[in-house]
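First up is the structure itself, then whatever we jot down about it.
For reference, positions follow the sequence shown, starting with 1. Side-chain atoms are counted along with the backbone in the values below, which use heavy atoms only and exclude waters and symmetry mates.
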Amino acid sequence: MTKLWAGRFDKPTSGLLDDFQSSIPFDQRLIRCDILGSVAHATMLGEQGIIPQEDSAAIVEGLNGILANIDAGTLAIDPRAEDVHMFVEAELTARIGEAGKRLHTGRSRNDQVALDTRMYAREACQSADTLVRNLLSTLLLLARRHTHTIMPGYTHLQKAQPVTLGFHLMAYFQMFKRDVKRFRLAYDEADVMPLGSGALAGTTYPLDRERVAALLHFREVSDNAMDAVSDRDFLLSFLCAASVCMMHLSRFCEELILWSSNEFGTVTMDDAFSSGSSIMPQKKNPDACELTRGKTGRVYGDLITLLTVMKGLPLAYNKDMQEDKEAFFDAYDTLCKCLTTFTAMLAATTFNTDAMEKSAAVGFTNATDLADYLVGKGLPFRDAHHISGVLVGRCVKEHRELGDLSLAELRDVSPAFENDVYEAISLKACVERRKLRGGPAPEAVEASIRRGETWLETMQDEAKR
Ligand code: ARG
């Protein structure tokens, strides 16, 4: 196949190079963006009188025909084309003849690929945004169901203080809420129209860049041609957002894996989201969680790939940048799969509330509250902390819990103890007293859920616009 750029060459390219440099196997995903971008460019060229009106009309009609065939699955993409841009242009010219050769007026593949990728990145940000918001709705439903479910909270994976499951779930709500914000920022960054930048130095034709931006619903046009063709920061922002989101999913998965272990036993995974063993008949493994945790490394890898590709590139465009797409697409596909599967799995997961409460009742999660009780009786916190510690030490040796100590035993250590201590260190009291904004008390969590619901509605409304 003769190359569109073959004019200055004396011989054809080596088959090795053709194969080596072809991006069509992966950039064909951009074909819809590429065609829509070309339709806008050709429309503007006609309106500006840069190419004849009838040629502009023929190009637009031809491109729409190609798009219709692509959507219907009736046009095979030629794997021998160098890239998607060359394929579309060659196909157009094969269909409409001479007029097709005017499409590339005032344009380079460098600003064209920047445009296509930005259009695709906007879609990716929107899909990720929607999937994360689905997860957020699921979290709100679950948290509502569990505002009163008491469980142990951990630091250093050692039991710390009693919390509620609703509170724990709402911690994840906050994390994924920030992810929505990050994907929206990444969207804004992609939402800049680069056509008119040419290869690197703009163009001599009187293009109407704002018109193209309006046709393609871009917020603004780029301000420096050299930057516009050599910038992939918008993809890095997507990859950063995806990496952080995967990190959040991975932490959640790690907890579900732990909790579903026999040792914790606080979660039962749904059969539909577990796998068995080919040898051990009893096994039920949390594979979906483990795979999500594993795929997090893969998405980080995609981010590092692009950061590394970009780090040594002189301005402006370099072919190295063609390597951006596989990393971007892989991260995008992986993220979407993980979010979709995780949300469905989470909705089907059973939280064993009795086991959670039982677990919170052992391991001195109320030791801080015992100290706080003494503070209430007038002791300085440091002394109260020491007394509570001494009592914990005794209980550890005798395999008892703080609530098992008799009033006489307590008063041996401090005369400040009275009969109301038992109520004060009950799990229910421990949790209910932590009712400051942001705390685990049912009423505080309910308020946090209500704020979450309002926020999510606002985000939904904004997404519709
Ligand atoms: N396939 C190329 C890419 O993905 C398109 C831009 C090619 N530009 C060039 N000057 N060879 O980056």
key: Polar contact flag, side-chain donor to acceptor under 3.5 angstrom, R107-S38   = yes
message = Do R400 and L405 have side chains that approach each other closer than 4.5 Å (heavy atoms only, starting at C-beta)?
response = yes
key: Spatial distance of atom OG (S250) from atom CG (L291) [nearest 0.5 Å]   = 11.5 Å
request  = Is it possible for you to check whether R29 lies under 6.0 Å from the centre of the six-membered ring of F329, through NZ or CZ, and within 45° of that ring's axis?
outcome  = yes
request  = Side-chain contact test, heavy atoms from C-beta onward, threshold under 4.5 Å: evaluate it for D287 versus S274 and give yes or no.
outcome  = no
message = Donor-acceptor check, side chain of S260 to backbone of I257, threshold 3.5 angstrom: yes or no?
response = yes
Value rounded to 0.5 Å, distance of CG in D330 from OG1 in T305 = 9.0 Å
task = Could you give me the CA-CA distance, side-chain angles and deciding distance for H85 and D116, then say whether side-chain contact (heavy atoms from CB on, under 4.5 Å) is met?
result = CA-CA 9 Å; H85 324 293; D116 296 2; 3.2 Å; yes
message = Students often mix this up, so state it plainly: with edges at 30° and 60°, are the rings of Y373 and F417 parallel, tilted or perpendicular?
response = parallel
ask   = Do Y187 and F234 have their ring centres less than 6.0 Å from each other?
value = no
message = Between R251 and E255, does any side-chain N to carboxylate O distance fall below 4.0 Å?
response = no
inquiry  = Would you say NZ of K284 has more than 12 non-hydrogen atoms from neighbouring residues, nucleotides or ligands within 6.0 angstrom?
reply    = yes
remark   = Interatomic distance, CD@E453 vs CD@E457, rounded to 0.5 Å, equals 7.0 Å
inquiry  = Please determine whether salt bridge (charged side-chain N to carboxylate O under 4.0 Å, His left out) holds for the pair D369 and R433, giving the CA-CA distance in whole Å, both sets of side-chain angles, and the decisive distance to 0.1 Å.
reply    = CA-CA 10 Å; D369 295 82; R433 272 203 304 268; 3.5 Å; yes
task = Could you verify whether a donor N or O on one side chain and an acceptor N or O on the other, from T268 and N352, lie under 3.5 Å apart?
result = yes
message = Please determine whether side-chain contact (heavy atoms from CB on, under 4.5 Å) holds for the pair F218 and M119, giving the CA-CA distance in whole Å, both sets of side-chain angles, and the decisive distance to 0.1 Å.
response = CA-CA 9 Å; F218 276 94; M119 289 170 71; 3.7 Å; yes
task = Could you go through the side-chain contact (heavy atoms from CB on, under 4.5 Å) check for V299 and K295 one step at a time?
result = CA-CA 6 Å; V299 173; K295 286 175 189 290; 5.6 Å; no
pair R118-V192: side-chain heavy atoms closer than 4.5 Å = yes
message = Can you see whether Q112 engages D34 through a side-chain donor-acceptor pair at a distance of less than 3.5 angstrom?
response = yes
task = Step by step, work out the side-chain contact (heavy atoms from CB on, under 4.5 Å) result for I35 and I66.
result = CA-CA 8 Å; I35 294 172; I66 298 176; 3.8 Å; yes
Name every donor-acceptor pair, under 3.5 Å, that has one atom in a side chain of residues 131-141 and the other anywhere in the protein, sequence neighbours excluded.
{"from": "R133", "atom 1": "NE", "to": "D129", "atom 2": "OD1", "distance (Å)": "2.6"}
{"from": "R133", "atom 1": "NH2", "to": "D129", "atom 2": "OD1", "distance (Å)": "3.4"}
{"from": "S137", "atom 1": "OG", "to": "R133", "atom 2": "O", "distance (Å)": "3.0"}
{"from": "T138", "atom 1": "OG1", "to": "N134", "atom 2": "O", "distance (Å)": "3.1"}

query = Do the non-hydrogen side-chain atoms of T353 and T149 ever get within less than 4.5 Å of each other?
reply = yes
ask   = Distance-only, no hydrogens or angles: does the N110 side chain make a donor-acceptor pair with backbone N or O of A199 under 3.5 Å?
value = yes
query = Taking NZ, NE, NH1 and NH2 as the nitrogens, is one of them in R144 or E446 under 4.0 Å from a carboxylate oxygen of the other?
reply = no
request  = Check the angle between the aromatic planes of F183 and F238 and answer parallel, tilted or perpendicular using the 30° and 60° thresholds.
outcome  = tilted
Ignoring hydrogens and angles, write down the donor-acceptor pairs under 3.5 Å from the side chains of residues 354-365, residues two or more places apart or on other chains.
{"from": "S359", "atom 1": "OG", "to": "K159", "atom 2": "NZ", "distance (Å)": "3.3"}
{"from": "T365", "atom 1": "OG1", "to": "A360", "atom 2": "O", "distance (Å)": "2.7"}

ask   = Does NZ belonging to K397 count more than 12 external heavy atoms closer than 6.0 Å?
value = no
Sidechain N-carboxylate O distance under 4.0 Å for E82, R109 = yes
request  = Flag the pair L157 / L258 as yes when at least one side-chain heavy-atom distance between them is below 4.5 Å, and no otherwise.
outcome  = yes
request  = Answer with yes or no whether the side chains of R209 and S222 bring together a donor and an acceptor at under 3.5 Å.
outcome  = yes
key: Geometric class of the Y332/F328 ring pair [parallel <30°, tilted 30-60°, perpendicular >60°]   = parallel
R232 and D324 ion-paired at < 4.0 Å = yes
Y317 side, atom OH; S230 side, atom OG - distance, nearest 0.5 Å = 11.5 Å
inquiry  = Let me confirm one number: the CG-NE2 distance from L339 to H248, rounded to the nearest 0.5 Å.
reply    = 12.0 Å
message = What I want to find out is whether K377 reaches D420 closely enough, with some N-O distance under 4.0 Å, to be called a salt bridge.
response = yes
task = Please work out whether the ring planes of F252 and Y172 are parallel, tilted or perpendicular, with thresholds of 30° and 60°.
result = parallel
task = Quick one: closest heavy-atom pair of C430 and A424, and the distance?
result = SG-O, 4.3 Å
query = Can you check whether S448 reaches R451 side chain to side chain, under 4.5 Å on heavy atoms?
reply = yes
Heavy-atom check, side chain of V163 versus side chain of V431, under 4.5 Å = no
S388 side chain reached by L374 side chain, heavy atoms, under 4.5 Å = no
